[in-house]
Amino acid sequence: MDFRYDVIVVGAGHAGCEAASAAARMGSKTLLITMDMNKIAQMSCNPAVGGIAKGQIVREIDALGGQMGIVTDRSAIQFRLLNQSKGPAMWSPRSQSDRKRFIEEWVKVLSLTDNLYLWQDIAVSLIIKDNKVCGVRTMLGVEMEAQAVVLTNGTFLNGLMHCGKTQIPGGRTSEPASYGLTEQLVELGFKADRMKTGTPARIDARSIHFDRLVRQDGDNDWHQFSYLDNVHRELKQMPCWITYTNPQTHEALRAGLADSPLFNGQIKSIGPRYCPSIETKIVTFADKEAHQIFLEPEGVDSNEYYVNGFSSSLPWQVQLAGLRTIEGLEDVVLYRPGYAIEYDFFDPTQLHHTLETKMVKNLFFAGQINGTTGYEEAAGQGLVAGVNAHINVHGGVPFTMGRDESYIGVLIDDLVNKGVDEPYRMFTSRAEYRILLRQDNADERLTKRSYDLGLADRYRYDLFSRKQSVCADFIDFMHTQTVRKGTIDDWLVSIGSTPLHEGCKISDLVLRPQVSIKGLSEVIHELNAKIDAMPDEYVESCEIQIKYAGYIKREQNEAAKLQRLDQIRIPDTFNFNEVQSLSTEARQKLSRIRPKSIGEAQRIPGVSPNDVSVLLVLMGR
């Protein structure tokens with residue numbers, strides 16, 4: 001057997017699957033190494049994809065030709081578009097998935113991808129020569145050659161699980177930890193640290209009193225993750241259920257805090273601020289009498305439910321006692337308790353924006369190894385790392401995205417320039433240009449770039465081109481078609497809007513907050529004929545472009561200013577330490593992170609506007 005590859009990807013989680021798929025589809029002979037081929041793309045925590053800002057990332061992955069959106073749609077058992085009461089910049093798709101079907105769909109994708117091979121084993125060390133990665137060694141003693149390696153180890157690097165005082169080495173329940181890689185990389189000079197995450201108990205549906213819970217159904221409309229017209233939700237749609245903790249719950253949990261790894265010193269690493277354990281909630285928010293709990297189904301043919309909002313590393317007896325005080329869960333039966341896990345990660349300021357490491361050529365990191373949390377953040381990084389691994393092997397311009405191009409671009413720029421001191425989670429508030437980075441227009445931002453790279457296929461590109469053409473014609477129609485005074489006044493009054501004082505274009509009416517294109521189509525026959533021939537997604541996209549045109553233009557102008565600073569390059573050999581007019585903190589951070597442009601330098605914490613001005617002068621600006 002020939003163990004020589006262009007690209008090797010270590011780890012078949014969400015980052016690894018996207019990395020391997022991207023590199024192989026672009027033409028690299030790619031190997032994906034996983035310790036268990038039955039748990040490819042395992043949803044280690046909640047059985048859901050998307051959410052606030054995370055849903056936008058999945059749409060971007062799909063627009064680029066990645067697979068997460070397709071797999072999610074085909075395994076979806078509930079879909080919701082969150083934040084619809086707010087502006088479109090905040091709309092965020094989220095989907096519950098059938099956990100088993102999600103894995104099956106990913107296995108199909110990988111199995112049908114040309115140039116992609118799988119190997120079940122554990123990578124224990126890298127083969128590195130002259131500061132360039134040349135392959136990996138595995139636990140089975142196999143040496144595999146590669147011109148580029150992508151590490152996507154998730155929580156497996158020296159993973160240690162905690163449930164009360166019990167400590168179990170492992171990357172997740174029933175799966176071993178990975179040893180050797182951290183130690184080798186630290187010897188080479190990489191900076192590593194530890195982080196913590198956690199997961200809640202899984203419970204038996206047959207022991208839940210659903211009649212005492214609040215039912216939450218999904219949206220029954222056309223929205224989905226993938227832009228492809230041949231991808232749809234195929235499974236039975238299922239509800240989630242809502243309940244709440246109460247003072248009795250908190251009392252039962254407080255009784256076990258002495259045995260909590262988070263509070264007795266057993267866990268020393270930092271956990272995710274925005275997804276705290278239930279014991280952290282009752283301590284941090286001691287005055288709050290109730291916390292919301294979501295019960296999420298794990299699959300169509302499963303009795304397993306995920307207790308969202310009840311992540312815990314308390315002893316299993318304490319977890320069970322607390323759960324049984326919650327309405328609807330008085331007789332609950334556990335499948336398994338929650339637990340916390342500590343694992344190694346590497347300071348992401350040691351990476352280029354391509355996710356290639358600065359110290360070792362052709363070595364890439366993606367996912368939780370970079371200090372991030374979440375399937376979506378991992379998958380976005382994996383796709384970028386896989387694309388750039390292929391480019392490093394076969395040649396081409398490195399693939400990066402700006403902060404005005406994608407949430408993935410924001411994510412990577414934050415990691416590389418700012419580093420992390422806690423597990424990084426994406427939020428809409430992290431993006432300066434949220435109106436540009438909407439979930440509806442990811443294809444407009446990214447599909448042509450991906451097609452030119454060779455990742456997005458012709459079918460996707462033709463579909464996108466058709467959408468562009470149809471929407472351009474429709475928007476032109478809206479800007480040129482006149483509505484005469486008096487023709488729709490009764491309808492305008494009925495929706496709380498002002499009658500027309502004079503004729504106006506249809507697009508001017510759409511600018512009114514009470515008016516929608518679908519509503520107008522009920523009283524303007526020419527408009528109704530137009531939208532009848534258009535997919536709902538096109539209509540929604542056009543409406544957003546018309547209603548928010550002024551805001552979009554303003555953000556485009558702001559983004560152009562940022563791009564000008566990003567185009568002012570800083571030579572690789574520039575010595576920041578010799579510039580005494582820079583602050584001490586700026587010299588230290590600029591020397592460590594080594595930004596490639598003034599724009600990147602400006603986004604490094606501790607680099608002041610005065611420091612930026614000094615650099616502009618030194619760069620001849």
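Across every non-hydrogen atom of Gly198 and Cys45, the tightest pair is O-SG, 3.7 Å. Nearest heavy-atom pair across Leu116 and Ala20 is CD1-CB, 3.8 Å. Here the shortest heavy-atom pairing between Ala123 and Ser178 reads O-OG, 3.7 Å. Taking both residues in full, the closest heavy atoms of Leu436 and Ala559 are given as CD1-CB, 4.2 Å, listed atom of the first, atom of the second, then distance. Ala340 and Ser313 get closest at one heavy-atom pair: CB-CB, 3.5 Å. Taking each heavy atom of Val387 and Phe399 in turn, the nearest pair found is CG1-CB, 3.8 Å.
Between Asp611 and Gln602, the side chains place no donor N or O within less than 3.5 Å of an acceptor N or O (distance only, hydrogens not considered). Under 3.5 Å, the side chains of Thr349 and Arg592 contain a donor-acceptor pair of N or O atoms. When only modelled atom types and interatomic distance are considered, Ser277 and Thr280 share a side-chain donor-acceptor pair under 3.5 Å. Between the side chains of Ser28 and His390, at least one donor-acceptor pair of N or O atoms lies under 3.5 Å. Looking only at atom types and distance, the side chain of Asn370 has a donor-acceptor partner in the side chain of Gln381 under 3.5 Å away. Donor-acceptor pairing under 3.5 Å is lacking for the side chains of Asn158 and Tyr343. There is no side-chain donor-acceptor pair under 3.5 Å between Asp440 and Tyr227. Counting only N and O atoms by type, the side chains of Gln439 and Ser92 include no donor and acceptor under 3.5 Å apart. No side-chain donor from either of Asn362 and Gln147 sits under 3.5 Å from a side-chain acceptor of the other.
To the nearest 0.5 angstrom, Leu64 atom CG is 9.0 Å from Arg445 atom CZ. Separating the CD atom in Gln545 from the CD atom in Glu444 is a distance of 5.0 Å, to the nearest 0.5 Å. Atom CD1 of Ile70 and atom CD1 of Ile61 lie 11.0 Å apart (nearest 0.5 Å).
Ionic pairing of Arg403 and Asp413 is present here: one or more N-O contacts between side-chain nitrogen and carboxylate oxygen are shorter than 4.0 angstrom. Between Glu342 and Lys196 no salt bridge is recorded (no basic side-chain N to carboxylate O distance below 4.0 Å). Taking the charged nitrogens against the carboxylate oxygens, Glu296 and Arg94 do have a contact shorter than 4.0 Å, which makes a salt bridge. Remark: Arg434 does not engage Glu555 in a salt bridge, criterion side-chain N to carboxylate O under 4.0 Å. The existence of a salt bridge linking Arg594 and Asp572 is excluded, since no basic side-chain nitrogen approaches an acidic carboxylate oxygen closer than 4.0 Å. Arg460 and Asp62 are joined by a salt bridge, as a carboxylate oxygen and a charged side-chain nitrogen come within less than 4.0 angstrom of each other. A salt bridge links Glu377 to Lys54: one of the charged nitrogens lies within less than 4.0 Å of a carboxylate oxygen. A salt bridge links Arg603 to Asp566: at least one charged side-chain nitrogen sits closer than 4.0 Å to a carboxylate oxygen. A salt bridge links Arg59 with Glu537: the closest approach of a Lys/Arg side-chain nitrogen to an acidic carboxylate oxygen falls below 4.0 angstrom. For Lys108 and Glu104, the salt-bridge test fails: no basic side-chain N is under 4.0 Å from an acidic carboxylate O.
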- Task: Test Leu411 against Tyr424 for side chain to side chain contact (heavy atoms under 4.5 Å, CB included), laying out the working first.
- Result: CA-CA 9 Å; Leu411 161 67; Tyr424 181 102; 3.3 Å; yes
- Query: Would Asn46 and Thr199 satisfy side chain to side chain contact (heavy atoms under 4.5 Å, CB included), going step by step from the backbone distance to the final call?
  - Reply: CA-CA 8 Å; Asn46 62 324; Thr199 192; over 6 Å; no
- Task: Decide side chain to side chain contact (heavy atoms under 4.5 Å, CB included) for Val420 and Phe345; before the verdict, give the C-alpha distance in whole Å, the side-chain angles of both, and the deciding distance to 0.1 Å.
- Result: CA-CA 10 Å; Val420 292; Phe345 79 99; 3.7 Å; yes
- Task: Assess whether side chain to side chain contact (heavy atoms under 4.5 Å, CB included) is satisfied between Lys418 and Ile604, documenting all intermediate values.
- Result: CA-CA 6 Å; Lys418 300 176 183 178; Ile604 296 173; over 6 Å; no
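Arg25 places no side-chain N or O within 3.5 Å of a backbone atom of Asn115 that could act as its donor or acceptor partner. Between the Arg438 side chain and the Pro88 main chain, no donor and acceptor come within less than 3.5 Å of each other. A side-chain donor-acceptor contact under 3.5 Å links Lys589 to the backbone of Pro605. Between the side chain of Tyr5 and the main chain of Val149, no donor-acceptor pair closer than 3.5 Å is present. Although no hydrogens or angles enter the test, the distance criterion places no donor-acceptor pair under 3.5 Å between the side chain of Ser312 and the main chain of Gly338. The main-chain N or O of Arg101 is never found under 3.5 Å from a side-chain atom of Trp106 such that the two would form a donor-acceptor pair. Side chain of Ser406 to main chain of Gly409: a donor-acceptor pair is present (N/O by atom type, distance under 3.5 Å, no hydrogens or angles). Checked by atom type and distance alone, the side chain of Gln567 never pairs as donor or acceptor with a backbone atom of Arg564 at under 3.5 Å. Judged by distance alone, with hydrogens and angles left aside, the side-chain atoms of Gln184 form a donor-acceptor pair with the main-chain N or O of Leu126 at under 3.5 Å. The backbone N or O of Lys191 sits less than 3.5 Å from a side-chain atom of Gln350, completing a donor-acceptor pair.
At most 12 non-hydrogen atoms from other residues, nucleotides or ligands lie less than 6.0 angstrom from CZ of Arg554. Other residues, nucleotides and ligands contribute only 12 or fewer heavy atoms inside 6.0 Å of the OH atom of Tyr551. Residue Phe285 qualifies as open at atom CZ: its count of foreign heavy atoms under 6.0 Å is 12 or below. Residue Lys358 places its NZ atom among more than 12 non-hydrogen atoms of other residues, nucleotides or ligands, all under 6.0 Å distant.
Only one option out of Tyr459, Tyr461, Phe464 pairs with Tyr451 in a ring-ring contact (aromatic ring centres under 6.0 Å, His included); it is Tyr461. In summary, of the residues considered (Val9, Ile369, Leu32), a side-chain contact (heavy atoms from CB on, under 4.5 Å) with Val150 occurs for Val9 alone.
Between Thr428 and Asn83 there is no side-chain heavy-atom pair separated by less than 4.5 Å. Under the 4.5 Å side-chain criterion, counting only non-hydrogen atoms from C-beta, Leu615 is in contact with Leu590. At least one side-chain heavy atom of His394 sits less than 4.5 Å from a side-chain heavy atom of Asp6. Proximity of Gln96 to Pro47: side-chain heavy atoms (C-beta onward) are separated by under 4.5 Å at one or more points. Considering only heavy atoms from C-beta on, Ser541 comes within 4.5 Å of Lys467 through its side chain. For the pair Leu31/Leu118, no side-chain contact is recorded, criterion being any heavy-atom separation below 4.5 Å from C-beta on.
A cation-pi contact, defined as under 6.0 Å to the ring centre and within 45° of the axis, is absent between Arg233 and Phe225. Within the cation-pi definition used here (under 6.0 Å to the ring centroid, within 45° of the axis), Arg172 does not qualify as a partner of Phe156.
For Phe294 and Tyr306, the ring centers sit 6.0 Å or farther from each other.
Taking the six-membered ring for Trp and thresholds of 30 and 60 degrees, Phe190 and Phe365 have ring planes inclined between 30 and 60 degrees apart. The aromatic rings of His14 and Phe102 sit tilted relative to each other, their planes meeting at an angle between 30° and 60°.
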